Amino acid sequence: MASAKPSIPKGTRDFSPIEMAQRNFIFDTIKSVFKIYGYQPIETPAMENLSTLLGKYGEEGDKLLFKILNSGDFTKGVQPTDVTSDGANALSLKICEKGLRYDLTVPFARFVVQYQNDITFPFKRYQIQPVWRADRPQKGRYREFYQCDVDVVGSNSLLNEVELVLIIDEVFSKLGVNHTIKINNRKILSGMVEVVGETERLIDITVAIDKIDKIGIDAVNKELANKGVSLQAIEKLQPIIQLKGTNAEKLSILSNFLSSSEIGLEGIEEMKTIFDSVGRLEGLDTTVELDLSLARGLNYYTGAIFEVEANDMEMGSICGGGRYDDLTGIFGLKNVSGVGISFGADRIYDVMLHLNLFPESLLASSQVMFTNFGPKEAAFCLPLIQKLRAKGISTELYPDAAKMKKQFDYANKKKIAYVVIVGETEIQSGEISVKNMLTGNQENIDTENIAEYFLSSHN
RNA sequence: GUGGAUGUAGCUCAGCAGGUUAGAGCGCUGGAUUGUGGUUCCAGAGGUCGCCGGUUCGAGUCCGGUCUUCCACCCCA
């Protein structure tokens with residue numbers, strides 16, 4: 001009987017040892033930055049109750065949730081008419097009460113409310129775990145992917161927003177990824193639609209503004225009209241659609257435009273504060289740019305919105321987030337504001353791979369390999385190997401007494417920097433041969449000094 | 001969810017209006033070199049031509065379906 005071809009579900013991936021080394025390099029870098037800014041880790045389960053998840057991500061988001069079929073007799077209580085009358089979506093709610101998490105922010109909000117009495121506010125946490133979305137897979141878009149979230153909850157201070165900009169800058173400069181941070185503010189967007197009297201069409205207007213560079217001013221105006229935006233409002237919006245210049249110039253135009261909107265002006269003030277603070281810091285690699293087209297579909301954002309794009313490759317956003325004033329309110333804890341961002345590890349991986357940004361050294365499994373000439377020589381090597389390992393030098397012994405060519409070939413492919421040769425002559429003399437695989441040089445080292453040799457040659 | 005492409009050896013790709021044993025480069029295995037890799041030379045292994053069905057005397061090549069991957073829209077990490 002022919003066995004089925006092994007495969008994994010669409011949009012998921014396996015990771016080889018080399019890919020893991022590269023992915024861990026990203027995770028470790030991000031984690032180290034999070035820690036140094038005083039954030040602490042938490043984890044939450046892969047699945048949440050659907051009631052926790054539904055309604056937090058907008059209509060589109062709800063559709064993209066993976067739902068988990070109830071255990072046991074899940075058809076209990078389902079009538080034949082349920083199958084035909086209300087459609088699959090309504091039926092799924094009758095037979096599923098759990099779902100895979102869609103992001104890390106909503107489970108975090110649930111966590112904060114659930115453990116509010118044990119948490120010291122402001123609560124700074126980071127969380128690095130996979131999330132799942134029933135999206136159609138594409139380049140940079142997977143059904144299972146890792147997010148690396150940092151959030152502060154229980155503080156209204158804009159210093160938190162500034163800190164997030166610093167974290168973004170530090171992470172990407174450590175990873176060597178050239179990037180641009182785009183910032184916007186929901187309050188500015190609210191003010192904008194308020195001023196033109198189209199409060200119902202926030203999304204239509206931001207989507208249209210976003211297309212200005214691609215399709216031009218006339219097409220944008222036409223699209224706005226098609227969406228039902230009044231001609232008067234479109235007329236008023238012109239300076240906004242064609243907004244250009246430095247951040248300061250944009251803000252000054254905007255504050256004129258929003259002069260009659262209290263909430264809009266509040267947004268302007270927030271942006272000014274953030275830009276001022278960031279501008280005063282030196283040595284930032286980051287370009288921070290005010291971008292009005294940034295709206296973000298997640299409907300819980302209320303203040304600043306962030307998105308980061310790689311400069312040297314088309315990849316959509318590799319990091320995003322914002323402030324949410326009342327996410328915990330949905331779960332019963334009022335007046336707790338939070339702000340956070342999420343690094344998309346998988347997209348960052350794709351960018352780094354494409355741009356060749358991973359350090360070569362990640363590919364090496366060990367720093368040193370001992371060749372194997374047979375049982376007697378191997379026995380002689382083992383104590384030496386242990387000595388190196390104790391000093392923190394990753395070392396391996398080739399397990400079989402294979403031909404030298406084969407053993408060297410192995411070391412070469414595994415990118416091992418040094419090969420140690422111990423045969424009859426070396427045991428006799430007490431000096432072992434060490435070959436540098438990069439230069440091809442070979443020298444004899446006294447077994448007493450071997451650890452020191454590698455320690456010094458590596459630093 | 002809508003629209004459009006793609007799928008041939010481990011990888012990147014050839015394949016003549018449908019016609020006998022399906023090719024290349026790289027990689028892999030072995031040898032030249034019984035204590036030395038990354039260069040060179042020689043030899044060899046490896047393919048249900050994504051899967052299912054149809055048209056045909058005959059299908060990698062045409063048709064339908066299906067799955068995969070990718071692109072655009074949408075949304076986003």
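The model shown is predicted, which means the values in this text are computed figures rather than measured ones. So you know, we letter chains A, B, ... as the sequences are listed, proteins then strands, and number each from 1.
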**OP:** Would you please classify the geometry between the A:Tyr57 ring and the A:Tyr300 ring as parallel, tilted or perpendicular, with 30° and 60° separating the classes?
**Re:** perpendicular

Subject >> Salt bridge A:Asp400-A:Lys406, side-chain N to carboxylate O under 4.0 Å >> reply: no

Original post:
With centres under 5.5 Å and planes under 30°, do A:Tyr410 and B:rG37 count as stacked?
Top reply: no

**OP:** Mark yes or no for a side-chain to base donor-acceptor pair under 3.5 Å between A:Asp409 and B:rG37, with no hydrogen or angle criteria applied.
**Re:** no

**OP:** Using a 4.0 Å heavy-atom cut-off across all strands, classify A:Met404 as base, sugar-phosphate, or nothing.
**Re:** sugar-phosphate

Subject >> Candidates B:rG35, B:rA77, B:rC71 - which lies nearest the side chain of A:Gln138 >> reply: B:rC71

Original post:
Looking only at atom P, what distance separates B:rU8 and B:rC13, rounded to whole Å?
Top reply: 9 Å

Original post:
Below 6.0 angstrom between ring centroids: does that apply to A:Tyr349 and A:Phe358?
Top reply: yes

Original post:
Can you check the A:Arg143 CZ to B:rA77 C1' distance for me, whole Å?
Top reply: 16 Å

Original post:
In terms of ring plane angle, is the pair A:Phe172 and A:His179 parallel, tilted or perpendicular, where the classes change at 30° and 60°?
Top reply: tilted

Original post:
What's the CG-P distance between A:Asp346 and B:rA77, to the nearest Å?
Top reply: 13 Å

Original post:
Which whole-number value in Å describes the distance from A:Glu309 CD to B:rC76 C1'?
Top reply: 11 Å

Original post:
Cation-pi between A:Arg13 and A:Tyr142: NZ/CZ under 6.0 Å from ring centre and within 45° of the ring axis?
Top reply: yes

Subject >> Given B:rC76, B:rA32, B:rG35, the nucleotide with the shortest approach to the side chain of A:Arg347 >> reply: B:rC76

Original post:
C1' atom, B:rC74 versus B:rC11: distance in rounded Å?
Top reply: 34 Å

Original post:
Between A:Lys182 (NZ) and B:rA77 (P), how many Å, whole number?
Top reply: 14 Å

Original post:
What interatomic distance, in whole Å, is found between C1' of B:rG10 and the corresponding atom of B:rG47?
Top reply: 11 Å

Subject >> Side chain of A:Lys406 (C-beta onward), nearest among B:rG37, B:rG30, B:rA77 >> reply: B:rG30

Original post:
Looking at A:Glu170 and A:Lys174, does any basic side-chain N land under 4.0 Å from a carboxylate oxygen?
Top reply: yes

Subject >> Distance, C1' atom - from B:rA9 to B:rG44, rounded to whole angstrom >> reply: 15 Å

Subject >> RNA chain B contacts among residues 419-434 of chain A, heavy-atom distance under 4.0 Å >> reply: A:Ile421, A:Glu424, A:Thr425, A:Glu426

**OP:** Could you work out which one of B:rC74, B:rG3, B:rC28 sits closest to the side chain of A:Arg136?
**Re:** B:rG3

Original post:
Base, sugar-phosphate, or nothing: which does A:Gly61 touch, judged by heavy atoms less than 4.0 Å apart?
Top reply: nothing

Original post:
Can you check the A:Lys405 NZ to B:rU33 P distance for me, whole Å?
Top reply: 12 Å

**OP:** Taking only Lys NZ, Arg NE, NH1 and NH2, and the carboxylate oxygens of Asp or Glu, determine whether A:Glu48 and A:Lys98 approach each other closer than 4.0 Å.
**Re:** no

Original post:
Do the rings of A:Tyr418 and A:Phe454 sit parallel, tilted or perpendicular, given the 30° and 60° boundaries?
Top reply: perpendicular

Subject >> Between OG on residue A:Ser366 and NZ on residue A:Lys414, distance to nearest 0.5 Å >> reply: 6.5 Å

**OP:** Tell me which nucleotide among B:rC75, B:rC70, B:rG37 gets nearest to the side chain of A:Phe408.
**Re:** B:rG37

**OP:** Let me know the distance between NZ of A:Lys139 and P of B:rC71, rounded to the nearest Å.
**Re:** 6 Å

**OP:** Taking only the side-chain nitrogens and oxygens of A:Lys413, find out if one of them lies under 4.0 Å from OP1 or OP2 of B:rC28.
**Re:** yes

Subject >> Pair A:Glu144 + A:Lys10, salt bridge at N-O below 4.0 Å >> reply: no

**OP:** Determine the contact category for A:Ile348: base if any of its heavy atoms lies under 4.0 Å from a base atom, sugar-phosphate if only primed atoms, P, OP1 or OP2 are that close, otherwise nothing.
**Re:** nothing

Original post:
Quick one: CD1 on A:Ile30 to CD1 on A:Ile26, what's the gap to the nearest 0.5 Å?
Top reply: 6.5 Å

Original post:
Any salt bridge between A:Lys222 and A:Asp218, counting N to O under 4.0 Å?
Top reply: no

**OP:** Supply the atom-to-atom distance A:Phe111 CZ to A:Phe123 CZ, rounded to the nearest 0.5 angstrom.
**Re:** 5.0 Å

Original post:
Is there a salt bridge (Lys or Arg N to Asp or Glu O under 4.0 Å) between A:Arg125 and A:Asp151 once you walk through the steps?
Top reply: CA-CA 6 Å; A:Arg125 77 85 235 229; A:Asp151 289 79; 2.4 Å; yes

Original post:
Could A:Arg133 and A:Phe145 be counted as a cation-pi pair, given that NZ or CZ must be under 6.0 Å from the ring centre and within 45° of the axis?
Top reply: no

Subject >> Any donor-acceptor N/O pair under 3.5 Å between B:rA77 base and A:Arg133 side chain >> reply: yes

**OP:** In whole angstrom, give me the gap between the P atoms of B:rU61 and B:rU6.
**Re:** 14 Å

Original post:
Given the P atoms of B:rG58 and B:rU48, what is the spacing between them in whole Å?
Top reply: 23 Å

Subject >> Base B:rU36 to side chain A:Lys435, donor-acceptor N/O within 3.5 Å cut-off >> reply: yes

**OP:** Please state the P separation for the pair B:rU33 and B:rU12 - nearest whole angstrom.
**Re:** 37 Å

Original post:
Which whole-number value in Å describes the distance from A:Leu64 CG to B:rC76 P?
Top reply: 10 Å

Subject >> Closest-nucleotide 5' rank along RNA chain B - winner of A:Met315 and A:Thr439 >> reply: A:Thr439

**OP:** Find the distance A:Met369:CE to B:rG37:C1' and express it as a whole number of Å.
**Re:** 9 Å

Original post:
Taking OP1 and OP2 of B:rG37, is either one under 4.0 Å from a side-chain nitrogen or oxygen of A:Gln407?
Top reply: no

Original post:
Reading RNA chain B 5' to 3', what string of ( ), [ ], | and . shows its pairs, if Watson-Crick and G-U wobble pairs count only when both distances fall under 3.5 Å?
Top reply: (((((.(..((((.....[...)))).(((((.......))))).....(((((..]....)))))).)))))....

Subject >> B:rG30 versus B:rG46 - spacing of their C1' atoms, nearest Å >> reply: 15 Å

Subject >> Residue-level proximity of residues 10-32 of chain A to RNA chain B when a heavy atom falls under 4.0 Å >> reply: A:Lys10, A:Gly11

**OP:** Pick base, sugar-phosphate or nothing for A:Phe373, based on heavy-atom distances below 4.0 Å to the nucleic acid.
**Re:** base

